[in-house]
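Quick notes on the structure that follows.
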Amino acid sequence: MELRFDMQYEDAYREVYEMVKPRYKLFTAGPVACFPEVLAIMSVQMFSHRSAEAKAVHVDTLERLKKFLEADSGEIILFPSSGTGFMESAVRNAVPRGGKVLVTIIGAFGKRFADVVEANGRKAVIFEKEPGQAVKPEELDEALRKNPDVHAVTITYNETSTGVLNPLPELAKVVHEHDKLLFVDAVSAMGGADIKFDEWGIDLVFASSQKAFGVPPGLAVAAVSERVFEIAEKMPERGWYFDLPLYRKFNEKKKGTPSTPPLPQIFGLNVVLRIIEKMGGKEAWLDMYRKRSEIIREGVKEMGLGILAEPGYESPTITAVVVPEGMKGIDVYNAMRERGFELAKGYGSVAEKTFRIGNMGYMTFDDIREMLDNLREVIEKLKA
Ligand SMILES: *Cc1c(COP(=O)(O)O)cnc(C)c1O
């Protein structure tokens with residue numbers, strides 16, 4: 001038997017293609033450009049998510065993620081949602097209604113975690129830093145001494161709005177000394193910054209497919225500790241769609257996910273995890289991210305622009321650039337778009353005086369140099 005899938009309505013495809021076709025080289029905050037190998041696997045014909053083939057890919061993806069996140073002691077969970085689904089899930093499964101969560105905020109995505117805590121009837125105790133600053137271990141220690149009754153601490157590993165990487169291993173140590181649960185938003189970190197789930201003792205760390213993995217949006221990934229499952233199993237009204245013990249049960253029976261997952265995204269993620277292996281493994285891959293971000297930071301500094309992140313805490317996946325007095329971040333963004341480069345606008349409270357350059361997903365070092373050459377000209381023109 002031969003399977004054929006001929007396009008009979010190619011004009012329908014063409015009409016939409018005109019709306020969505022690639023127009024820019026992407027240096028975005030997500031969604032980001034994807035490897036062609038990822039896009040190719042995502043266009044295969046669909047089949048049942050309950051088939052043996054789909055289940056095999058699911059199990060293989062879990063195993064590869066477990067290795068990548070060094071999470072032998074954890075359960076890998078895939079949600080048919082964006083990363084924010086895991087904020088909701090962490091709160092509903094592991095914090096009792098009315099219970100307190102210490103939410104550390106260094107930018108817009110820390111604020112979102114506080115909103116999710118409150119929207120689910122839990123109390124957010126806020127510890128907030130100025131944009132560009134990271135949370136320091138001694139500050140977290142002090143905040144926890146003042147608030148001994150919190151159930152959990154949330155940390156944004158990589159704050160996408162400010163381009164700051166929090167010192168997660170050191171912060172995790174402090175959280176353990178106070179014997180609290182640790183929830184980590186690693187949405188723009190996972191795949192671009194190291195995560196050692198077992199060694200650092202994380203309880204729940206999550207990300208979205210469309211950031212540093214370079215896969216289209218629609219899939220969320222997390223590693224979850226045994227401690228969370230013990231609490232969750234006794235948690236009343238933890239919901240169904242994001243019920244962690246239910247997902248674990250499906251994993252254990254090699255049944256996939258409780259509801260239909262975005263199969264193409266899972267295939268795409270599996271391809272990326274294999275590309276990482278073929279590149280020489282996690283160290284080589286993370287090194288590539290480090291180099292990309294270093295080249296970008298060096299380049300913008302040479303142009304006389306500022307970096308919002310305090311020295312020593314710069315993100316390996318995104319750079320928030322501070323423009324000189326009298327210039328607006330949005331003007332740089334617009335001028336770069338005219339030249340065919342999509343950067344990211346400033347975000348949150350620093351929106352006006354910054355723009356951002358992401359280095360996630362599919363790009364070459366030549367793309368980065370070409371972008372910097374154009375940026376240099378744009379800045380010179382705006383200064384004149
Ligand atoms: C993008 C981002 C989010 C939101 O992710 P969604 O996939 O839109 O749910 C949350 N936190 C951080 C740090 C992000 O970069």
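Just so you know, ligand 1 is whichever comes first in the structure, and atom 1 is the first atom listed for that ligand.
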(request) Using a cut-off of 6.0 Å, state whether more than 12 heavy atoms not belonging to Lys136 lie near its atom NZ. (result)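 Yes, because the 6.0 Å sphere around NZ of Lys136 holds more than 12 heavy atoms from other groups.
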(message) Does only the side chain of Glu159 get under 4.0 Å from ligand 1, or the backbone, or both, or neither? Count heavy atoms.
(response) neither
(message) Side chain, backbone, both or neither: which applies to Thr84 and ligand 1 if a contact is any heavy-atom pair less than 4.0 Å apart?
(response) both
Taking 4.0 angstrom as the limit and counting only heavy atoms of [X], give me the atoms of ligand 1 inside it, by number and element.
X      : value
Thr160 : 12 (C), 13 (C), 14 (C), 15 (O)
Asn158 : 13 (C)
Gly83  : 6 (P), 7 (O), 9 (O)

(request) From the options Ser208, Ala186, Gly85, select the one whose nearest heavy atom is closest to atom 5 (O) of ligand 1. (result) Ser208
(request) Between Met87, Lys211, Met360, flag the one that comes closest to atom 2 (C) of ligand 1 by a heavy atom. (result)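 Looking at heavy atoms only, Lys211 sits closest to atom 2 (C) of ligand 1.
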(request) Carefully, step by step, assess Asp331 and Lys328 under the rule salt bridge (charged side-chain N to carboxylate O under 4.0 Å, His left out). (result) CA-CA 5 Å; Asp331 295 336; Lys328 284 204 174 97; 5.7 Å; no
(request) May I ask you to decide if the ring planes of Phe113 and Phe206 are parallel, tilted or perpendicular, using 30° and 60° as cut-offs? (result) perpendicular
(request) Using the six-membered ring wherever Trp is involved, compare the ring planes of Trp200 and Tyr157 and label them parallel, tilted or perpendicular (cut-offs 30° and 60°). (result)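 Rings of Trp200 and Tyr157: perpendicular, as their planes differ by over 60°.
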(message) Are the side chains of Leu168 and Ile155 in contact, using a 4.5 Å heavy-atom criterion?
(response) yes
